[in-house]
Structures are given as C-alpha cells and as structure tokens.
Novice: 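Okay, here's the structure, questions in a sec.
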Amino acid sequence: MISLKEMITPIPYQIKEDTTLVEALSIMKEEKHNLLPVVDNHEKLIGVFTRSKLYQMIQEEKSLQTPIKEYIKNDVYSLRIDTNFEDLEKIVRHSSVGTGVVVDMENRVLGLFTKADMVMGLLSTTNTLKDQLDTVIENSNIGVMMTDGQEKIVYGNNRFWDMTGLNRKNSWNMPVTKELPEVHELFEKKQYNNPVTIKRLQSILTINTYQTVRNQTGYIILLHDISELEGIAAELESVKNLKQSLQTAMEHAYDGILMADDQQSIQMVSPSMLELFNLEYKDVLHKKTEEVFPHFKLSNVYETEEADVSDFHEINGIKYIIHRIPVIQEGRVVGAIVKIMYRQLNEVNELFKRLQKAENKASFYHTELKKSENARFTWDHIISEDSVMEKIKKSAAKAAKGRSTILIRGESGTGKELFAHAAHNSSARKDGKFIVVNCAAIPEDLLESEFFGYEDGAFTGARSRGKIGKFDLANGGTLFLDEIGDMSLNLQAKLLRVLQEREFYRVGGTKRIHVDVRIIAATNRNLERMVKEGSFREDLYYRLNVISLFIPPLRERMKDIHVLSEKIMSELNRVIGTSITGFETQAKQILMAYQWPGNVRELRNVMERAMTFAEHGKIKVEDLPDYMLGNTEQILQEIAVTKEESMVESAERQAIETALAKTMGNKAKAAKMLGISRSSLYDKLKKYQFNEK
C-alpha cells in the first residue's frame with residue numbers, strides 16, 4: 001500500500017514569526033497553498049498562517065512589512081510521517097481540514113498533505129495495481145472472462161479467446177449465454193463456484209459472481225485446461241504413490257530412518273527409530289531435529305553438505321551409529337536423512353574386524369613380498385671381532401662396487417646370505433631388485449621355469465597367461481643363487497649361456513629375452529672336487545669364480561662367539577620376551593669349547609633354546625642342549641688346561657710388550673732382552689698379531 005511519504009508536497013521555504021505580510025502573501029500566491037506552516041529557529045512546528053488570517057490582516061489595513069506573529073494559529077493538528085494508511089484514511093474521511101502539516105519524529109516540518117494528494121496517490125497506486133493485474137491475467141494459463149450486470153461480455157484475456165475460439169471483436173459486449181450456451185443452464189440453476197467439465201472446450205469451468213458499480217450482479221468465468229489439470233493430477237498421484245512407497249519402506253526398514261526438510265524439521269520417521277528411543281510420532285513429527293535429537297548434530301550436514309558417520313553411541317545398553325546424509329538439489333541442501341544402525345551391530349562389528357584382519361594380512365604379505373625382493377642387510381649387520389673376517393668384509397665391499405660375479409663359499413650357517421645382501425646394498429644396483437633363488441629347495445624339473453619363466457601353454461598345468469622368471473624379475477638388479485652346487489648339469493649349461501650372452505629363452509618360447517643381471521652365488525660344496533668328478537661344469541666354475549670369498553667357520557674365530565652371543569641375546573630378549581643378562585661361568589666355558597658345526601645359525605638356535613629354559617636371569621649349564629654337554633667333567637678339564645695355557649700365553653704377550661716399550665720398538669734389542677732369537681720374536685709377534693696393532 002502507498003505510504004504517506006509518497007503523497008506529501010515538500011515545502012521549499014520556511015515561515016517564521018518574523019516573516020512579513022508581503023513575504024507570506026508572495027509565497028501563498030506562488031505556491032497556491034491555503035496555509036503556511038510556521039517553525040521556530042530549530043525548524044520545529046509552532047503553528048500555521050492561514051489564508052483567512054492573511055485576509056484579516058489586509059482588512060485591518062496592516063502594513064505589508066508587519067510580521068505575522070500575532071496572526072499565527074498555534075492550535076494546529078499535524079500528521080507524523082510514520083502514520084499508516086488505515087489511520088490516514090480515517091483522518092481524511094472525518095476531518096474538516098483540507099490541508100495537514102506532516103512532521104517527522106522530532107516535530108520538524110517535512111511537507112503538506114491534502115485530500116487531493118491522497119486521491120492522486122490512490123489513483124496512481126490503483127493504476128499501477130491495475131497494470132500489474134492486467135499483466136498477470138493476460139499471461140495466465142487460466143482463461144478469464146467478465147460480464148456486466150446484463151450478462152454481456154465486457155472483458156476476456158488472451159487465454160480465454162484461445163480456449164473458446166471466439167472472436168474478440170465479434171463477441172465483445174454480446175450476451176455470454178449466446179456465445180457460450182453451456183453457461184445458460186448454470187445461470188438458471190445458480191450453480192456458482194462448482195467446477196463443471198465442458199468437453200467441447202476440453203476445460204473445467206468455474207463461475208463466480210461480483211457486484212457492479214450499479215449494484216447489479218456480474219459474472220467472472222474461469223476456464224482451466226483439462227489436459228494441464230490431468231497432467232498435474234497425474235504428477236500429484238505419482239508423488240502420492242512415491243510418498244506411500246517411501247512410507248512403507250520406512251515402516252519396514254531394518255534400521256532407524258529419519259527425514260528432515262530444509263528447515264531441519266522432521267517430516268518422516270521409521271517405527272524402528274521410535275522403538276529405539278521409546279518415542280511416539282506426536283513427539284517427533286514436524287519438530288526440529290535439534291529439539292528432539294540434539295545428539296544427532298544434524299546441523300553439521302547442512303553446513304558441510306557432506307555425509308558423515310558418527311562414533312558409537314549407546315542407549316539402554318544398545319550400541320548404535322549415526323549416518324547423516326544431506327539431500328542436495330540444484331546445488332543447495334533441501335533436506336537430510338539420518339540412518340541409525342543398531343540391529344546386530346555386534347555381528348557387523350565382528351565382520352568388519354575380520355575384514356580388517358584380512359586386509360592387514362594381505363598388506364603384511366604384500367609388504368613381505370616387497371621385502372623379499374629387496375636386500376635387508378648391510379655390512380653393519382655382519383658382526384665380528386676376528387681380523388680375518390674384517391679383511392673379508394673389506395674385500396667384499398670392494399668387490400661389490402664392480403660388475404663381476406661373486407662366489408661366496410663357506411660352511412652352512414656362516415652367514416653367506418648376509419654377505420650377498422650387504423654386497424647388493426653397497427653396489428651401484430642397490431636401487432634394483434635383489435632376487436633370491438635357493439637352488440637346493442626347488443625341484444629340478446621346475447628349476448628351469450623358475451629361472452627363465454614360461455610362455456602361455458608351455459606345459460600342462462601352466463598359467464594361462466604364462467609367467468616371468470627370476471632373471472626377468474632381477475633385471476637391473478642382483479640375482480643371488482644360493483646352494484648353486486646343487487644345480488643340475490643341464491641347467492648349469494643354460495645358466496652359463498645367460499652369464500656369457502646376457503640373454504635367454506622362456507620355456508616354450510621363441511623370443512630372445514635380454515637382461516642385465518649381476519650374479520652372486522653361494523655354496524657350501526667343494527666345487528673343485530665336483531669339477532673333477534664331473535658333477536659341476538668346469539666352464540661355469542671359472543665363470544662364477546671371478547671373485548671368491550671364503551667365510552671361515554665359527555670354530556676358527558672363537559672371539560666372535562662372545563660378541564655374537566651378546567648381540568643375539570639382546571635381539572631374542574625383545575622377540576621372545578625374556579630378561580636374560582648373560583651366562584654363568586661354566587656355561588660360557590662350554591660355549592667357547594664347542595666346535596659349532598652349524599656355525600652362527602646353530603649358535604642362534606642354541607641361544608634361543610637356552611634363553612627359553614633359563615629361569616634365574618643367566619644361562620646355566622643345564623639350559624644348554626644335551627648334545628653340547630657330552631662328558632661335562634672331561635670338557636671342564638679340557639677347559640682348565642686351555643685356561644692354564646692361556647695364562648702362560650698372557651704372561652708371554654705381556655713380556656714382549658714390555659720389552660718393545662723399553663727398546664722403543666727396536667726388535668733386535670727386544671729379542672736380546674728377552675733372551676730369544678730375532679726369528680723367534682718375529683714368530684711370536686705374528687702369533688699375537690702385534691703387526692696389526
């Protein structure tokens with residue numbers, strides 16, 4: 001509705017008490033106002049100067065320069081600018097004053113308001129509304145027709161003429177009963193406001209009455225297209241069916257389901273959810289989710305626009321989880337769905353755990369497979385205090401940097417595989433794969449396919465897509481052939497070709513495969529004897545024996561027993577959960593006296609067995625395996641003799657050290673001081689390894 005501010009006449013002047021008669025007369029003549037508002041120095045209304053007061057001053061023959069102060073009417077009614085239209089209409093209707101003064105909240109004059117202003121304002125508003133209404137009606141899908149009190153057509157929108165097929169020019173001001181005979185019966189029966197289907201027009205007709213300006217009854221006829229209504233009805237029926245299907249699904253849902261609209265008001269809820277929280281429909285429907293289920297935290301979904309799942313909650317001993325899902329349409333959230341899962345959640349949880357366990361197991365095997373293709377040890381893992389072992393490690397480290405084949409020899413359990421791992425890790429191929437093949441563990445008839453792979457259909461039982469071999473896998477890296485002395489002569493010939501030509505054929509294949517592989521071989525067999533016997537190819541032997549490393553057995557480096565046993569003890573304490581701190585004296589003596597045919601591997605096994613049986617923090621004789629003990633008394637006697645000999649050697653070593661110190665390292669003088677020959681001194685220096693210090 002139009003406001004008072006839109007209807008007032010602004011005042012471009014100010015009339016005060018000292019304004020003269022001639023100034024007031026000039027303003028009234030120019031503005032054609034019947035009164036002028038008078039303000040004080042703060043522009044606040046104090047009264048009005050009317051046309052009748054002007055006439056009075058003229059009749060009294062007042063001078064034109066006379067101030068109007070004495071003729072101001074102070075008892076004046078003003079209108080506030082925020083007066084609403086309804087109150088303004090009442091004031092105008094019952095007031096005898098033709099012009100009013102409009103003021104703001106602080107009584108400052110804003111303008112004048114007359115009845116004519118109101119009429120013009122209403123007329124303007126009416127015309128605007130009429131234009132808007134005409135626009136709406138003309139663009140409506142409903143046919144609209146209006147008659148006067150004589151039932152003659154006085155208005156029809158475009159849709160009406162299109163639907164009826166009538167000619168606007170010919171039907172204008174004609175009786176509607178003549179143009180539309182179907183309505184004649186309705187007028188007679190006075191069936192107003194009841195929709196009637198007119199098949200000829202394929203529409204539904206609705207009649208309404210209104211009072212004309214002459215107080216006669218006119219008619220407004222509305223025509224609705226049946227096809228459109230049928231389409232709407234079909235869509236509505238489809239929506240109803242969909243809602244019923246959804247309601248049925250929710251009523252039989254296994255888990256609890258809740259649906260909310262864009263205002264987070266609950267529209268639907270399943271019985272299973274009501275059952276879980278011991279609620280009824282009246283407690284939930286059309287209420288805010290935060291009010292009924294604050295712990296659902298459904299508002300998060302409206303903010304993030306992403307589905308999420310809560311942690312476990314519990315009610316009456318029943319665990320449940322909350323799945324919050326936003327409903328997004330045209331890029332905005334128009335609702336949300338809450339799914340409560342609680343039935344047989346324990347079984348689901350157990351299933352999930354089993355699945356997780358299976359995934360972890362698969363991940364473990366995958367990791368282990370990756371590990372199996374990588375060297376795991378370095379030179380730091382080969383622990384020794386033996387001078388010979390240190391020389392071998394240095395030689396092996398130098399050999400690792402080249403491309404030549406390395407042959408590692410030694411008894412079983414001496415650590416040949418550790419040397420192979422460390423050699424790969426210190427070589428230029430350390431970023432490549434390290435593939436291990438135990439020639440003694442693979443059946444002879446499968447060894448060739450294991451080495452070189454095979455093509456599709458190479459033999460019965462083969463994989464349909466073939467298989468790549470160890471040489472393929474090791475391409476660009478290192479292939480470690482453990483127990484190479486157990487390889488058949490037939491395969492030795494093929495291996496020799498690969499080493500010489502750097503190429504091979506897959507089993508059942510015709511395509512030549514080129515590879516770049518470094519070979520590190522290991523064996524505990526006497527290859528020289530095997531060559532003489534004809535069980536190992538001489539040409540392959542020389543091809544492998546480019547750089548040969550011999551790992552001495554543990555019995556030849558007894559110093560390592562102590563350091564290795566301490567290292568193994570520390571590792572096993574972590575692995576098997578023991579707290580062993582060392583050996584008792586006799587147990588240590590037996591350990592040092594034993595020959596260790598199984599070398600370091602046997603030492604580790606003995607340590608694990610002894611630490612498992614030890615009960616008092618240290619390993620005792622009885623914790624060692626029986627085969628090591630034999631005749632304990634005899635062993636201890638041998639140990640005592642060895643100990644005495646060691647005491648003599650210790651004294652001799654000390655005497656030599658003293659003599660060398662006193663002679664400032666002069667060996668001739670030291671020999672004379674000791675009373676021995678120079679050659680004897682040199683032998684003893686070599687025995688006690690003085691040259692290496």
Novice: Taking C-beta and beyond as the side chain, do Leu564 and Leu554 meet within less than 4.5 Å on heavy atoms?
Specialist: yes

Novice: Arg601 and Ser412: side chain to side chain donor-acceptor pair (under 3.5 Å), yes or no, with the steps?
Specialist: CA-CA 8 Å; Arg601 184 181 294 118; Ser412 178; 3.0 Å; yes

Novice: Look at Asp472 together with Arg506 and state whether they make a salt bridge at an N to O cut-off of under 4.0 Å.
Specialist: yes

Novice: With rounding to the nearest 0.5 angstrom, report the CZ to CG distance, Arg543 to Leu495.
Specialist: 10.5 Å

Novice: Is the His421 ring parallel, tilted or perpendicular to the Phe377 ring (thresholds 30°, 60°)?
Specialist: perpendicular

Novice: For a quick test of reading the model, state the closest non-hydrogen atom pair linking Pro552 to Phe550 and the distance between them.
Specialist: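 Heavy atoms of Pro552 and Phe550 come nearest at CD-O, 3.4 Å.
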
Novice: Would the number of heavy atoms belonging to other residues, nucleotides or ligands and lying under 6.0 Å from CZ of Arg678 be above 12?
Specialist: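 Counting other residues, nucleotides and ligands, CZ of Arg678 stays at 12 neighbours or fewer.
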
Novice: Would you sort out whether Lys620 and Asp623 count as a salt bridge (Lys or Arg N to Asp or Glu O under 4.0 Å), showing the intermediate values?
Specialist: CA-CA 5 Å; Lys620 295 182 177 182; Asp623 298 325; over 6 Å; no

Novice: Are the aromatic rings of His295 and Phe277 close, with centres under 6.0 Å apart?
Specialist: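 Yes, they do, as the ring centres are separated by less than 6.0 Å.
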
Novice: State, yes or no, whether a side-chain contact exists between Ile435 and Thr478 at a heavy-atom distance under 4.5 Å.
Specialist: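 No, every pair of side-chain atoms sits at 4.5 Å or beyond.
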
Novice: Before giving the answer on salt bridge (Lys or Arg N to Asp or Glu O under 4.0 Å), spell out for Arg324 and Asp308 the whole-Å C-alpha distance, their side-chain angles and the decisive distance to 0.1 Å.
Specialist: CA-CA 5 Å; Arg324 297 173 282 256; Asp308 64 2; 2.9 Å; yes

Novice: Is it the case that Arg609 places NZ or CZ above or below the six-membered ring of Phe613, under 6.0 angstrom from the centre and within 45 degrees of the axis?
Specialist: yes

Novice: Give me the atom names and distance for the closest heavy-atom approach of Ile484 to Phe536.
Specialist: O-CE1, 3.7 Å

Novice: Is there a salt bridge (Lys or Arg N to Asp or Glu O under 4.0 Å) between Asp516 and Arg429 once you walk through the steps?
Specialist: CA-CA 11 Å; Asp516 175 22; Arg429 297 171 177 262; 2.7 Å; yes

Novice: Compare all side-chain heavy atoms of Val600 with those of Arg604 and state whether any distance is below 4.5 angstrom.
Specialist: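 In short, these two side chains do not touch, never coming nearer than 4.5 Å.
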
Novice: Evaluate the side chain to side chain donor-acceptor pair (under 3.5 Å) criterion for residues Thr414 and Asn599: first the C-alpha distance (whole Å), next the side-chain angles of each, then the deciding distance (0.1 Å), finally the verdict.
Specialist: CA-CA 5 Å; Thr414 53; Asn599 295 291; 5.5 Å; no

Novice: Any side-chain donor paired with an acceptor under 3.5 Å for Asn573 and Thr578?
Specialist: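 A pair is found: one side chain offers a donor N or O, the other an acceptor, under 3.5 Å apart.
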
Novice: For residues Met389 and Ile382, determine if any side-chain heavy atom of one lies less than 4.5 Å from a side-chain heavy atom of the other.
Specialist: yes

Novice: Compare every heavy atom of Ser427 with every heavy atom of Ala400, then report the nearest pair and how far apart it is.
Specialist: O-CB, 3.1 Å

Novice: Are Glu503 and Arg512 close enough, and set up right, to give a salt bridge (Lys or Arg N to Asp or Glu O under 4.0 Å), and what steps lead you there?
Specialist: CA-CA 7 Å; Glu503 62 184 26; Arg512 187 177 299 171; 3.5 Å; yes

Novice: Describe, in one word, how the ring planes of Trp596 and Tyr594 are oriented to each other, choosing from parallel (under 30°), tilted (30 to 60°) and perpendicular (over 60°).
Specialist: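 The rings of Trp596 and Tyr594 stand perpendicular, inter-plane angle above 60°.
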
Novice: Looking at every non-hydrogen atom in both residues, tell me the closest pair between Ser404 and Val546 and how far apart they are.
Specialist: CB-CG1, 3.8 Å

Novice: Taking the inter-plane angle between the rings of Phe471 and Phe452 on a 0 to 90° scale, is it parallel (under 30°), tilted (30 to 60°) or perpendicular (over 60°)?
Specialist: parallel

Novice: Take a 6.0 Å sphere around NZ of Lys588 and say whether it holds more than 12 heavy atoms from other residues, nucleotides or ligands.
Specialist: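 Yes, enclosed.
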
